[in-house]
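Report on the following structure.
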Amino acid sequence: MDTFVITGQRPLRGTVTVSGSKNAVLPCLAATLLVHRGRTTLTNVPDIADVHSFIAIVEYLGAKVAFKRHTLTVDASHIRNRELPVDLVGKIRASILLLGPLVGRFGSAQMAYPGGCVIGKRSADAHLHALKVLGASVSPSTNNIVIRPGRLTAARIVMSEMSVTATENALLAAATLPGTTEIRLAASEPHVQDLCLMLQRMGVKIAGVGTSTLVICGKRQLQAVKHRIVGDAIEMGTFAVAATIVPGSRITIRGVNPEQLDAFWNKLTEAGGHVTLGKQSATVRYAPKLQATSRLETRVYPGFPTDLQAPFALVLARANGVTKVFETLFEGRFNYLAELEKMHVRSEVYNPHQALIIGPTEFKAAVVESCDLRAGATLVLAALAAEGISTVYNINYIDRGYERFAEKLTALRAAIERRVLPNS
Ligand code: EPU
């Protein structure tokens with residue numbers, strides 16, 4: 001069982017480069033399965049647990065994979081359409097992204113329901129709705145997702161919600177279909193755009209990238225390409241919060257266009273944060289005087305990202321006044337507040353979607369436990385700002401999505417150490 005032991009209040013100084021985006025690399029990895037001949041190369045691939053879990057699944061299907069120094073090559077020439085068992089897909093919610101390529105390439109798919117962070121209901125309905133419109137024949141089953149053999153055709157899909165991975169699944173399936181598929185109410189997150197860019201390189205015509213209407217002209221045979229994964233804007237936002245709340249900090253975060261986080265920077269500035277944005281960087285300084293903001297509401301892109309709701313709560317906790325937080329997307333994303341209470345953060349959770357953060361707070365060191373990826377990172381940030389020595393348990397959640405988090409923080413002069421505790 002690994003933990004982080006963190007001595008707080010060491011000023012963060014220097015430059016950190018974000019890794020490739022977790023939420024971009026997974027659909028791009030799924031897209032490699034659409035290539036019948038040759039090796040597809042992805043660069044700037046983050047070395048995180050979710051990537052390794054996803055690789056295990058594509059290898060199970062028979063793909064040949066090499067992953068070294070952030071470069072991943074996949075040869076999917078000889079993959080087989082096998083049923084995906086729960087021990088593989090149960091580890092990672094994004095395994096649902098295999099549905100699109102399998103149905104696109106083979107006309108059928110069968111997998112156990114995916115697992116992942118426990119942050120809400122996260123049903124498969126939006127995915128299956130999109131695939132059904134393309135002609136997929138879905139069998140009712142409580143334990144498995146079963147798509148019976150059949151032929152898909154291009155169609156006009158109106159998504160049931162602006163779901164990120166459901167849009168990506170629709171794109172992955174449509175990429176293989178000659179004719180015109182229209183995806184309306186599509187998600188437009190930067191990682192969806194990155195997948196579009198990769199599919200375009202592979203020979204798919206896609207119009208409307210970055211908007212909520214995508215028009216796709218697919219091809220049966222897609223070509224092997226080289227594609228660089230976009231930098232992780234959520235990682236940039238995470239480090240920006242760290243610099244804002246840890247006394248004496250000043251850091252530059254590089255590796256992604258900060259415009260991806262417009263709504264986040266707006267809120268940070270409104271709270272009194274000190275931010276200078278560059279083309280591919282942001283410089284953020286400690287902000288000694290923070291104030292509560294007008295209500296914080298998570299939204300689909302380009303709104304305030306749900307993945308930064310928990311980290312941003314620390315800015316609000318340090319701020320003077322009370323902020324109402326409205327988590328409009330997930331119903332399990334306030335669980336971290338109970339852990340933060342141990343660090344003297346005051347909050348009131350009204351219901352699964354609404355909470356109050358009551359500032360100002362001086363964080364105190366504590367022994368705390370991660371309950372999901374972003375919650376885990378939030379506890380680390382709180383510990384960096386707290387007086388005293390904290391221990392954060394369950395850091396395997398953090399390893400899922402942040403590459404070498406402790407090492408990057410150490411390079412910024414934080415006092416954070418990974419410890420492997422003997423099982424008791
Ligand atoms: N939702 C709505 N209305 C909408 C769109 C979504 O209520 O218009 C709800 C959904 O019902 C669901 C939640 O919002 O409960 C998230 O929906 P979505 O299907 O978009 O999530 P996802 O595709 O399963 C991806 C990311 C998540 C990220 C969400 C939202 C990947 C692999 N995962 O999940 O990433 O939180 O989009 O942006 O891309 C993370 O990185 O920590 C993470 C959980």
Side-chain angles (χ1 to χ4, degrees), residues 18-31 46 48-51 53-54 57 89 91-100 113-130 158-172 183-195 212 229-230 232-238 260-261 263-264 297-312 326-336 352-353 370-378 396-403 405:
V18 300
S19 301
S21 158
K22 165 181 88 77
N23 291 342
V25 71
L26 302 175
C28 290
L29 194 38
I48 51 175
D50 273 12
V51 166
S53 302
F54 210 92
I57 305 174
V89 300
K91 284 190 187 143
I92 171 174
R93 158 78 190 177
S95 52
I96 200 159
L97 287 167
L98 271 317
L99 281 184
Y113 275 97
C117 282
V118 189
I119 51 175
K121 192 166 140 276
R122 315 185 95 191
S123 88
D125 292 354
H127 300 254
L128 298 178
H129 163 75
V158 180
M159 299 296 294
S160 56
E161 59 181 20
M162 292 176 115
S163 161
V164 169
T165 47
T167 300
E168 290 163 350
N169 255 331
L171 268 162
L172 288 161
I183 307 177
R184 301 180 66 80
L185 298 185
S188 61
E189 270 71 1
H191 24 287
V192 180
Q193 297 178 36
D194 203 38
L195 173 64
S212 59
I229 300 297
V230 67
D232 196 325
I234 301 302
E235 190 184 347
M236 178 178 257
T238 305
Q260 289 187 17
L261 292 178
F264 169 82
E297 201 170 298
T298 63
R299 287 281 170 206
V300 297
Y301 189 78
F304 191 99
T306 170
D307 295 340
L308 286 172
Q309 181 259 113
F312 197 80
F326 191 10
E327 169 56 64
T328 69
L329 297 175
F330 289 107
E331 61 268 20
R333 266 201 160 167
F334 284 137
N335 296 339
Y336 69 96
H353 290 283
S370 311
C371 55
D372 72 58
L373 164 62
R374 307 302 169 190
T378 301
N396 55 316
Y397 280 119
I398 301 171
D399 296 336
R400 291 186 56 173
Y402 289 91
E403 184 180 37
F405 198 40

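Count residues from 1 along the sequence. Just the heavy atoms: all of them, side chains too, but no hydrogens, waters or symmetry mates, feed the values below. Indexing begins at 1, ligand by ligand and atom by atom, following the structure's order.
- Of the candidates Phe54, Phe330, Tyr301, Tyr402, it is Phe330 that places a heavy atom closest to atom 13 (C) of ligand 1.
- Geometrically, ligand 1 and Thr306 share no nitrogen or oxygen pair separated by less than 3.5 Å.
- Inclusion of Leu26 in the set of residues having an N or O under 3.5 Å from an N or O of ligand 1 is not warranted.
- Between Phe304 and Phe312, the ring planes are perpendicular. Angles over 60° get that label, and only those under 30° would be called parallel.
- The residue among Gly401, Ala166, Ala375, Ser163 with a heavy atom at the shortest distance from atom 18 (P) of ligand 1 is Ser163.
- Evaluated by nearest non-hydrogen atom to atom 14 (O) of ligand 1, the leading choice among Asp372, Val25, Asn23, Leu329 is Leu329.
- Not a single N or O atom of Glu331, backbone or side chain, sits closer than 3.5 Å to an N or O atom of ligand 1.
- Qualifying side chain to side chain donor-acceptor pair (under 3.5 Å) partners for Asn23, counting only residues two or more places apart in sequence or in other chains: none.
- Scored by the ring-ring contact (aromatic ring centres under 6.0 Å, His included) test, Phe405 finds Phe239, Tyr402 as partners (sequence neighbours excluded).
- The closest approach between any non-hydrogen atom of Arg333 and ligand 1 is below 4.0 Å.
- When Met162, Arg93, Arg400 are checked for heavy-atom proximity to atom 5 (C) of ligand 1, Met162 turns out nearest.
- In terms of N/O distances under 3.5 Å, ligand 1 is approached by Lys22.
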